[in-house]
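As structure tokens, the structure follows; a few thoughts come after it.
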Amino acid sequence: MTELNELTLAQARDAIHAKKISATELTQAHIEAVERARSLGAFIAETPEQALDMAKASDARIASGQAGPLEGLPLGVKDLYATKGAHTQACSHILDGFKPVYESTVTANLWRDGAVMLGKLNMDEFAMGSSNETSYYGPVASPWLPPDWSADQARAAASGDKKGLLVPGGSSGGSAAAVAARLCLGATASDTGGSIRQPAAFTGTVGIKPTYGRCSRFGMVAFASSLDQAGPIARTVRDCAILLRSMAGHDAKDTTCVDMPVPDYEKSIGVSLKGRRIGIPKEYRVNGMSDEIDALWLKGIDFMRDAGAEIVDISLPHTKYALPAYYIVAPAEASSNLARYDGVRYGLRVEGRDIADMYERTREKGFGAEVRRRILIGAYVLSAGYYDAYYVRAQKIRTLIRRDFETAFDAGVDAILTPATPSPAFGIGEKTNADPVEMYLNDIFTVTVNMAGLPGIAVPAGLSRDGLPLGLQLIGRPFDEETLFAAGQVIEDAAGRVQLPTRWWE
Ligand code: GLN
């Protein structure tokens with residue numbers, strides 16, 4: 001039999017329901033996989049005792065015929081989600097020692113359905129980044145080896161500063177790496193400008209950012225509240241569909257969370273695309289995009305056509321303003337959200353001469369360079385003299401971006417196909433000393449989706465010349481995640497599931 005941690009989430013679920021394996025043995029296998037993979041840096045807090053307690057409770061429910069949809073399935077949780085009594089710091093120093101007394105709604109929904117928590121996953125500090133290099137806990141190494149690297153070379157680098165290994169993407173880098181390395185069956189992630197889809201694309205995994213309002217944000221550490229959404233990363237489209245069904249749903253504790261029934265997303269797997277219209281936006285053929293990304297996109301168009309979809313050329317004319325507008329709106333909201341970290345209420349406190357001095361010292365010590373940069377940009381664009389020139393203008397652009405999509409959907413387009421990232425994964429340290437804008441350019445294909453509040457999925461669609469994963473993105477109508485799962489499955493079937501890397505880190 002396949003090793004237990006090599007099963008997909010759906011396979012593990014079916015084996016548990018058929019009583020072929022127990023939740024406890026499945027959990028034990030994953031706990032051991034996590035322990036053997038510490039050099040990757042994917043988990044920053046392991047909760048094995050809690051995992052085994054949860055697994056035992058699952059086995060009891062299975063025995064009494066009360067198994068939930070995720071019964072006994074071990075998952076990883078991004079450090080951004082409040083988990084009662086467990087490490088919750090959004091990988092920031094400023095939240096040192098913070099252990100919430102409450103549970104986020106998304107994770108509570110997962111535990112309600114029987115899932116098991118293995119621990120907390122590394123991420124960029126406050127979800128700001130595209131490479132998981134801004135984490136207070138250090139970078140995450142992608143399980144994918146850089147071209148021409150031997151396993152020995154990689155093991156040596158992983159136990160050192162990890163330089164030269166590949167980034168898993170960010171900000172949900174721990175989630176993507178843990179899923180690709182088979183340390184958990186799936187993971188929670190979050191996406192403000194691409195942080196689910198970009199790391200999924202870099203690691204050969206699947207990630208979906210649902211429509212804004214689909215999942216509750218209660219108990220998620222806020223970055224930019226009008227853009228943040230929860231979503232899963234898993235190894236197959238089906239696994240993401242199963243996880244999202246449990247994560248989503250109305251919650252009175254988040255007023256932006258919509259009161260709409262949650263479909264059984266798994267039913268969309270295998271639904272035909274015959275007669276569906278897939279839009280191809282010409283503005284996504286950006287300058288400097290590598291020819292292999294272009295070729296991947298063309299391949300994706302063929303997959304859609306072969307599945308019976310009609311391909312239509314569309315225009316999203318305001319795309320070119322999306323990145324600059326995002327990097328005004330997101331820091332503006334962040335500067336406001338992060339004002340709460342003052343050394344008084346939770347986490348780190350650095351004593352000072354008086355209270356103002358204590359605030360300043362705490363924030364200076366507690367925030368990393370990227371977070372400070374965002375706070376400064378945010379405070380600047382919201383300041384009296386510049387508010388109209390930057391913030392108001394960015395919000396207007398945001399409306400125009402949303403209208404671009406509405407126009408396409410009104411014309412009968414069911415989903416839009418684009419590349420997920422402009423390149424395959426890059427090396428750890430490769431972009432951190434460069435101009436920060438270099439890093440921001442990674443989000444070129446994903447930020448528009450958050451600005452418009454739409455659902456987007458990234459699905460592995462092939463390998464680069466160097467053998468690294470590349471992903472395609474599908475963007476859907478509001479609350480039509482079902483079409484994304486159906487079309488995502490078409491890509492997975494046509495491209496074939498990517499062969500994940502052998503476990504060189506063990
Ligand atoms: N990379 C983008 C940023 O740094 C998006 C991050 C995210 O989606 N959380 O803001």
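Heavy atoms only: backbone and side chains are in, while hydrogens, waters and symmetry mates are out. One-based numbering along the sequence shown. Ligands are counted one by one from 1 in listed order, and the atoms in each one are counted from 1 as well.
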Is it true that [X] and [Y] have a side-chain N and a carboxylate O under 4.0 angstrom from each other?
| X | Y | value |
| --- | --- | --- |
| Arg38 | Glu46 | yes |
| Arg238 | Glu266 | yes |
| Glu370 | Arg373 | yes |

Centroid-centroid distance, Tyr341 to Phe98, less than 6.0 Å
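Here the rings of Phe98 and Tyr341 have centres that are no less than 6.0 Å from each other.
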
Identify, chain by chain and in numerical order, each protein residue with a heavy atom under 4.0 Å from an atom of ligand 1.
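The answer is Ala127, Met128, Gly129, Ser130, Ser171, Asp191, Thr192, Gly193, Gly194, Ser195, Phe223, Tyr326, Tyr327, Arg374, Asp443, counting any residue whose heavy atom sits under 4.0 Å from ligand 1.
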
Salt bridge (charged side-chain N to carboxylate O under 4.0 Å, His left out) involving Arg345 - partner list, sequence neighbours excluded
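For Arg345 the salt bridge (charged side-chain N to carboxylate O under 4.0 Å, His left out) partners, ignoring immediate neighbours, are Asp342.
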
Applying ring pair (Phe, Tyr, Trp, His ring centres under 6.0 Å) to Tyr440 and Tyr326, what does each step give before you reach the verdict?
CA-CA 10 Å; Tyr440 299 169; Tyr326 168 85; 8.4 Å; no

